[in-house]
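One structure is given here, and the rest of the page talks about it.
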Amino acid sequence: MLGSYRAEVLKLRKRSAVWVLFGAGLVLSLIFGYLLPYLGYATGDENPQTDGIPRSEILRGMLPERVLDNTIGGYPIFAGALALVLGAIVVGGEYTWGTLKTILTQRPGRGAVLASQFLALATMIAVWVLGIFAACALCSIGIAAAENGAMNWPAPLDILQGLAGGWLVLMMWCLAGTVLAVAFRNVALPIGLGVVWILGIETLLAGVVNSLLPDLEFLSDVLPGTNAGSLVFSVTGMATADAPPGVRDAVGGGRALLTLLAYCAIFAVLAAWTTRRRDVT
């Protein structure tokens with residue numbers, strides 16, 4: 001098991017697509033968390049997008065006290081879609097390239113191989129979260145130093161809680177990508193279905209239920225994206241007006257946590273059951 005885990009981590013380290021996805025998530029976090037707000041802050045009254053918003057409030061959103069908001073605010077949708085792609089290419093690639101049969105002839109069983117892939121993905125997701133947090137923290141320090149802003153950081157426990165919540169959100173979407181990859185035994189279809197679900201279908205369903213079918217709100221409250229956004233909202237403590245797309249106070253933080261853990265368990269069990277029951281070819 002340990003040898004399989006090390007092999008999977010090595011494969012992830014050497015795979016350029018993993019770092020391209022990480023880079024995309026990092027760039028999106030910095031653009032929406034710092035670059036665009038700073039341009040709005042610098043242009044001031046000349047920017048119609050910030051009309052009526054005090055410049056001090058725009059600056060405050062980029063300072064260290066809001067670093068968690070900028071780090072994990074995009075995880076429920078944008079970074080979540082990238083995590084789903086990561087899970088799909090790691091597991092689905094073994095079917096596409098025909099390498100799974102070769103791996104299984106080297107003695108590790110199907111369950112051990114899949115478990116090592118899950119552990120390696122969990123490790124890589126942790127690297128993503130820490131890397132994005134470090135970049136956002138450096139940007140916050142730079143802006144605070146340049147604009148004489150306050151260097152007030154969240155409490156260490158709050159930072160740990162926020163990063164753990166962000167990791168769980170990305171891991172849930174990553175496992176969703178793996179179960180789709182196992183079900184369809186390729187890469188393209190799981191990525192297509194998963195990304196369309198995250199970026200379009202779930203958002204549309206939640207909007208229709210909230211506006212036209214309020215009696216069915218309990219259905220939208222169990223969707224993975226809804227609970228991902230609610231968990232991020234809970235651990236960051238951001239104001240509703242400042243929340244990015246996909247982040248809202250739909251359900252309580254405790255319920256969102258349990259729901260995401262349940263989704264992770266369901267996705268992992270489904271992937272393991274399908275892998276053991278079906279022919280790898």
* Cluster check Val20, Leu170: I/L/V/M/F/W/Y, side chain < 4.5 angstrom -> no
* Structure fact -> The reported gap from CG in Leu260 to OG in Ser230 (rounded to nearest 0.5 angstrom) is 9.0 Å
* Asked: Looking at side-chain heavy atoms only, is the closest gap between Cys264 and Leu168 below 4.5 Å?
  -> yes
* To do: Indicate, with yes or no, if Val269 and Leu180 share a hydrophobic cluster defined by side-chain heavy-atom contacts under 4.5 Å among Ile, Leu, Val, Met, Phe, Trp and Tyr.
  => no
* Counting only N and O atoms by type, is there a donor-acceptor contact under 3.5 Å from the side chain of Glu202 to the main-chain atoms of Trp197? -> no
* To do: Please round to the nearest 0.5 Å and tell me the distance separating atom OG of Ser140 and atom CG of Asn152.
  => 12.0 Å
* To do: Could you verify whether a donor N or O on one side chain and an acceptor N or O on the other, from Tyr38 and Glu147, lie under 3.5 Å apart?
  => yes
* Distance only, no hydrogens: is a donor on one side chain within 3.5 Å (strictly under) of an acceptor on the other, for Ser29 and Tyr34? -> no
* For the student: nearest non-hydrogen atoms of Leu30 and Cys139, plus distance -> CD2-SG, 3.7 Å
* Looking at residues at least two apart in the chain, or sitting in another chain, which of them share a salt bridge (charged side-chain N to carboxylate O under 4.0 Å, His left out) with Glu8? -> Lys11
* Asked: What is the distance from atom OG1 of Thr274 to atom CG of Leu114, rounded to the nearest 0.5 Å?
  -> 9.5 Å
* CD1-OG1 distance between Ile159 and Thr71, expressed to the nearest 0.5 angstrom -> 9.0 Å
* To do: Would you indicate whether the side-chain heavy atoms of Leu163 and Trp167 approach each other to under 4.5 Å?
  => no
* **ILVMFWY network linking Leu10 to Leu119, side-chain heavy atoms under 4.5 angstrom** => no
* List the atom of Gly73, the atom of Val247, and the distance in Å for their closest heavy-atom pair. => O-CG2, 3.3 Å
* hydrophobic_cluster_shared for Leu261 and Val251, side chain cutoff 4.5 Å -> no
* Does some side-chain heavy atom of Arg66 sit less than 4.5 Å from a side-chain heavy atom of Thr236? -> no
* Going hydrophobic residue to hydrophobic residue with side-chain gaps under 4.5 angstrom, can you get from Leu204 over to Leu219? -> yes
* Roughly how far, to the nearest 0.5 Å, is the CG atom of Leu21 from the CG atom of Leu84? -> 10.5 Å
* Student check: side-chain heavy atoms of Val169 and Ile72 closer than 4.5 Å -> no
* **Contact summary for Trp128 and Val18, nearest pair of heavy atoms** => CZ2-O, 3.6 Å
* Closest non-hydrogen atom pair between Arg255 and Asn227, with its separation -> O-OD1, 4.2 Å
* Structure fact -> In this structure, CG of Leu68 is separated from SG of Cys136 (nearest 0.5 Å) by 9.5 Å
* Between the main-chain N or O of Val222 and the side-chain N or O of Thr226, is there a donor-acceptor pair closer than 3.5 Å? -> no
* **Leu86 vs Leu82, side-chain contact (heavy atoms from CB on, under 4.5 Å): CA-CA, chis, key distance, verdict** => CA-CA 6 Å; Leu86 174 66; Leu82 296 175; over 6 Å; no
* Mind listing the closest non-hydrogen atom pair of Phe22 and Val127 along with its distance? => CE1-O, 4.4 Å
* Asked: Between the main-chain N or O of Leu175 and the side-chain N or O of Thr178, is there a donor-acceptor pair closer than 3.5 Å?
  -> yes
* **Validation row: Gln117, Glu94 side chains within 4.5 angstrom (heavy atoms)** => yes
* Asked: Does any N or O in the side chain of Asp69 come within less than 3.5 Å of the main-chain N or O of Met62, such that one atom is a donor and the other an acceptor?
  -> no
* Asked: Checking side-chain contact (heavy atoms from CB on, under 4.5 Å) for the pair Arg15/Ile89: CA distance, chi angles, key distance, verdict?
  -> CA-CA 10 Å; Arg15 196 166 186 173; Ile89 64 174; 4.2 Å; yes
* Just wondering, do Trp19 and Leu26 contact through their side chains at under 4.5 Å, heavy atoms? -> no
* Asked: Is a side-chain donor or acceptor of Ser116 paired with a backbone partner of Val113 at a separation under 3.5 angstrom?
  -> yes
* Report yes if the side chains of Leu59 and Leu63 come closer than 4.5 Å at any heavy-atom pair, otherwise no. => yes
* Donor-acceptor contact present, side-chain Asn186 to main-chain Phe184, <3.5 Å -> yes
* Side-chain contact test, heavy atoms from C-beta onward, threshold under 4.5 Å: evaluate it for Thr203 versus Leu199 and give yes or no. => no
* Apply the test side-chain contact (heavy atoms from CB on, under 4.5 Å) to residues Trp153 and Glu65: give CA-CA distance (whole Å), side-chain angles for both, the deciding distance (0.1 Å), then the verdict. => CA-CA 5 Å; Trp153 293 88; Glu65 65 178 284; over 6 Å; no
* With side-chain contact (heavy atoms from CB on, under 4.5 Å) as the test, would you mind laying out the steps for Tyr75 and Ile132 before giving the verdict? => CA-CA 11 Å; Tyr75 283 11; Ile132 293 175; 3.8 Å; yes
* Structure fact -> Between Ile31 and Pro37 the two heavy atoms that sit nearest each other are O-CD, 3.8 Å
